[in-house]
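Notes follow once the structure below has been shown.
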Amino acid sequence: MSNAETAPNGKPDSETKANNFVRTIIEEDLARNKYQGRVVTRFPPEPNGYLHIGHAKSICLNFGLAQEFNGQCHLRFDDTNPTKEDIEYVHSIQQDIKWLGFDWQPNLFHASQYFEQFYEKAVFLIKKGKAYVCSLNEEEIREYRGTVTEPGKPSPYRARSVEQNLDLFQRMRNGEFEDGTHVLRANIDMAAANMKMRDPLLYRIRHAHHYKTGDAWCIYPMYDFAHPLSDAFENITHSICTLEFENNRELYDWVVAECETEAVPRQYEFARLNLTNMIMSKRKLLRLVNEGLVEGWDDPRMPTIAGFRRRGYTPESIRNFCDMIGVAKANSTVDLGQLEFSVRDDLNFKVPRVLAVAKPLKVVIENYEEGKEENIEGSLYPHDVPLEGSRTIPFSREIYIDRDDFMLEPPKKFFRLAPGREVRLRHAYIIKCEHVVQDPETGQITELRCSYDPNTLGKTPTDRKVKGTIQWVSAAHAVPATLRFYDRLFTMERPDLAEGEFTQYLNPHSLDLAEGFVEPWAATREPGTRFQFERIGFFIRDTKDGRDVHPVFNRIVGLRDSWAKQSEPKSESQPAKTKATPKAPAPAKPAVKRDPLADKSPEMAAAFKRLKETHAELGDNDLDVLTTDAARVAFFDAALAELDDAKLIAKWMNNEMARELKENGWGALKATGPQLAQLLILRNKGTISATIAKDVLADMLVSGTDPQKIVAAKGLEQVSDSGALEAVIDDVMTANQAEVDRFRNGEKKLMGFFVGQAMKATKGKANPKMINQLIQKKLNG
RNA sequence: UGGGGAGUCGCCAAGCGGCAAGGCUACGGUUUUUGGUACCGUCAUUCGAGGGUUCGAAUCCUUCCUCCCCAACCA
């Protein structure tokens, strides 16, 4: 990779990306030349809300995969519901995707642009008898649909003639009917086990203004109709969506097949992203906005892209986070800390360090000349960040330090200021606390009187060790600023699972304000500039507020703080860390033993009993599987006639054949019972190894060839000649010297490794028992 | 309960019959004019549970358990 993009940490992107199942599918498709080498994905948001971090995961996946395989990713607005969608959202969505660093190039689409084609496909289905106009009302449709356990019943309108349907559907389009009076439905199966297949709705009447098509239409297609067709029209190869659409896939495939589109896209589903201490549902985010619980979609506490942008997160950090968490099918909730890690990891190498004080405490340096000022040159980056730059920092007799950096009675490992103690001022002198000025009434510390060591500017004293370094600003030069400390929005790890209103778990300290000071240089920077305020955290100058003389800085993310960690455990009132268990975990029920006869047909139950009597050596478990269907029983009986070993035959049928026949079923198998028996006889005689026997079985099952012929044709006889095997083992040992040493040093689990290598070297033909013995002997000898 | 999915460390997540990857977190240590960063080290005899097949099982067979999704004219 010559033009390899580098991730923030300097490692090439490709190395930071974990493999995932979607990528694997694409690679396989490419290898089989399934789409002539094309990879076309799409990101299909409905413009009814702002994009959030969960969408970012999908965006990174879809655009990232397209990029990686030199394909395309389409941006398609899935705008089939005029009552919910708005142009404001299409703008924000485009802005957010661009900001994240992705480009749809010319491939910007709207489902609404296909309305005419959808209509034509609907007419096509009607003509095929695969769709009909249903005039049941909403409630009736629900009733007719049945439940998950009971089949539905056909709509009385299902039998309408093609002509009637065509006429009605045309008139629906013409606007002759009120909302809700008719719908177009697919004609599939009202008894389908998959609820999505019970004559799903394809079109509904909506006399509503569409932000894109205006009043041209009063019928609008449903997602399940529009989505697969849009994918097909755009030649999408891999249509990647979230897990809750798994049930829709059967319908997706039905629509594509019945509409007879040229392209046949495939849908794949992955788990959506959840974050701890956060909610991700659009509905709930909308509520936070509408109820004024946050300041808008771009409130820096929101998990929206717009919120993160204003908070100061970088696109790189979000992309890197998405790569880091992977893509899989298991529901999961990622720790917010992982996102924060990503942000720090990125900012650490990019952002200038400056001095700021959040909770000011005045310090007067008594032995520093009054009225004197010094300009200290301070580098903007620490020694380990390969960036250059510096600014001057004014120093004078009166400065501010952070209240947290002073303690009257310091605990053991407190390295900062305390009465009589010394501390280094970052970039400047070492000072010593001489007196503490307190309010006589409240005891409040109002001021510190210190002395400084003039010989410590840029120098480290050799006679003593000063461990702490703190930030400061010159009082006369400091610029007052508002520091906004953002924290997690919810106190509970899983507010989405919690009982009751999710709003009751809002963190009252998700935003804390501090009036502090920043050094002059920092205040000259433009809104949108990111810094590290040394020892406090990463901040961004807000882009909306404080654009004038009194700047406002948002804390992007705090620094890791091992001092806080070790000094904190006593204070239990840390709302952000509350680990409330949302639901009591249900006690695991003990495993129930199933009655093998309970759900068998009378014939199979009879077979079960018959075999149990004639072959006592078979366990209930074996019999249970054997008597799953008549084909198996017949196969078993035929094999038994040839080889009188019920136990062996059952073993092979139940373990090995079961796997091979899982997909195509026992009805379609080519091999016969006697052939299985022949194979087992070969095995019993030691002619072939167990590994080879399985291979032969697989071959036999699809070809119907006699096992002897397969073995002879391919030369699969077992190798039991100890001389030959020893040679193989010698080769393995010389090729894996390191493992040999480890084994001799006690890593006995490597035994399997050596056997495996030897078996592979002989393509499975070696006698594994002999291999085991020989290796044992050689390795220990 | 019918159907569709998923269970590997505190949190993500590789692995697809032959040595349980990696990241985050946590915990030690080194360096440090940021208690930051960087660097080094530790952290799963075990993969939801039982039974079985195999020389060998997280991976194959089987039974069970738990969780998620589906009964919007939303997407």
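By convention in this document, chain letters (A, B, ...) are assigned in the order of the sequence lines, proteins followed by strands, and residues within each chain are numbered from 1. Just so it is clear, the values below take in all heavy atoms, side chains as well, and ignore hydrogens, waters and symmetry mates.
Distance CD (A:Glu739) to P (B:C19): 11 Å, rounded to an integer number of Å. One interatomic measurement links the two molecules: NZ of A:Lys329 to P of B:A13, which rounds to 13 Å at whole-angstrom precision. Between the CG atom of A:Leu417 and the P atom of B:U34 there is a distance of 16 Å, rounded to whole Å. Going from atom CZ of A:Arg185 over to atom C1' of B:A71 covers 12 Å, rounded to whole Å. Taking atom CG of residue A:Leu243 and atom P of nucleotide B:C68, one finds them 13 Å apart after rounding to whole Å. Atom-to-atom, CZ of A:Phe321 to C1' of B:C12 comes out at 9 Å; the value is rounded to the nearest Å. Atom CZ of A:Phe754 is separated from atom C1' of B:C19 by 9 Å (rounded to the nearest Å). Rounded to whole Å, the distance from CD1 on A:Ile470 to C1' on B:G35 is 13 Å.
Residue contacts for A:Ile141: at a heavy-atom cut-off of 4.0 Å it reaches a base atom on one of the strands shown. Using a 4.0 Å heavy-atom criterion, one finds that A:Gly458 contacts the bases of the nucleic acid, with or without backbone contacts as well. Contact annotation for A:Ile325: backbone-only contact, meaning every heavy-atom pair under 4.0 Å involves sugar-phosphate atoms and none involves a base. Residue contacts for A:Leu623: at a heavy-atom cut-off of 4.0 Å it reaches no nucleic acid atom on any strand shown. Nucleic acid contact for A:Arg353: base, since at least one base atom lies under 4.0 Å from a heavy atom of the residue. If you check every strand for non-hydrogen atoms under 4.0 Å, A:Asn247 touches a base. Residue A:Phe414 is classed as a base contact, given a heavy-atom separation below 4.0 Å to a base. A:Glu46 comes within contact range of the sugar-phosphate backbone alone, with a heavy-atom separation under 4.0 Å but no base atom that close. Using a 4.0 Å heavy-atom distance criterion, A:Arg535 is classed as a base contact. Counting any heavy atom pair closer than 4.0 Å across all strands shown, A:Lys749 reaches sugar-phosphate atoms only and no base atom. Note on A:Asn137: a base of the nucleic acid sits closer than 4.0 angstrom, heavy atoms only. Using a 4.0 Å heavy-atom cutoff across all strands shown, A:Thr147 reaches at least one base atom of the nucleic acid. Base engagement by A:Thr149 is indicated by at least one non-hydrogen atom pair under 4.0 Å involving a base atom. Backbone-only engagement by A:Val327 is indicated by non-hydrogen atom pairs under 4.0 Å involving sugar-phosphate atoms exclusively.
The phosphate of B:C74 (OP1 or OP2) has a side-chain N or O of A:Arg204 nearer than 4.0 angstrom. Put simply, A:Lys84 has no side-chain N or O that comes within less than 4.0 Å of OP1 or OP2 on B:A75.
Across A:Thr147 and A:Arg198, no two heavy atoms sit closer than the pair O-NH2, 2.5 Å.
The six-membered or imidazole ring of A:Tyr223 lies near that of A:Phe245, with a centre-to-centre distance under 6.0 Å. Taking the six-membered ring where the residue is Trp, the centroids of A:Trp472 and A:Phe395 are separated by under 6.0 Å.
By the 4.0 Å N-to-carboxylate-O rule, A:Asp79 lies too far from A:Lys84 to be salt-bridged with it. Under the 4.0 Å criterion applied to side-chain N and carboxylate O atoms, A:Glu422 and A:Arg464 are assigned as salt-bridge partners.
Where stacking is scored as ring centres under 5.5 Å apart with planes under 30°, A:Phe753 does not register as stacked on the base of B:G18.
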N/O to N/O distances under 3.5 Å, protein versus nucleotides 52-55 of chain B:
residue, atom, partner, partner atom, Å
B:G52, N2, A:Asn655, OD1, 2.9
B:U53, O4', A:Asn655, ND2, 3.3
B:U53, O2', A:Glu656, OE2, 3.4
B:C55, O2, A:Asn772, ND2, 3.4

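Between the side chains of A:Arg535 and A:Gln471, a donor-acceptor pair is found at a separation under 3.5 Å.
With hydrogens and angles ignored, a donor-acceptor pair under 3.5 angstrom links the side chain of A:Gln532 to the base of B:U34. No hydrogens or angles were tested; on distance alone, a donor-acceptor pair under 3.5 Å links the side chain of A:Arg416 to the base of B:G35.
Ring geometry for A:His55 against A:Phe43 counts as perpendicular: the plane angle is over 60°, on a 0 to 90° scale with 30° as the lower cut.
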Criterion ring-ring contact (aromatic ring centres under 6.0 Å, His included) on A:Tyr203 and A:Phe169, from CA distance to verdict: CA-CA 9 Å; A:Tyr203 267 92; A:Phe169 189 48; 5.3 Å; yes
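Anti is the glycosidic conformation of B:A38, whose angle departs from 0 by more than 90°.
Both A:Glu139 and A:Phe415 lie near RNA chain B, and the one whose nearest nucleotide falls closer to the 5' end is A:Phe415.
Among the nucleotides B:G18, B:C11, B:A71, the one closest to any side-chain atom of A:Arg142 is B:A71.
Between A:Ser317 and the choices A:Leu339, A:Asp345, A:Val343, A:Leu347, the side chain to side chain contact (heavy atoms under 4.5 Å, CB included) rule is met once, by A:Val343.
Remark: RNA chain B takes part in the stems B:2-7 with B:65-70, B:10-12 with B:22-24, B:26-30 with B:38-42, B:48-52 with B:60-64, each of 3 or more antiparallel Watson-Crick or G-U pairs, criterion distances under 3.5 Å.
Contact check for A:Arg632 versus A:Met657: no side-chain heavy atoms found under the 4.5 Å cut-off. The side-chain heavy atoms of A:Ile205 and A:His182, taken from C-beta on, include a pair separated by under 4.5 Å.
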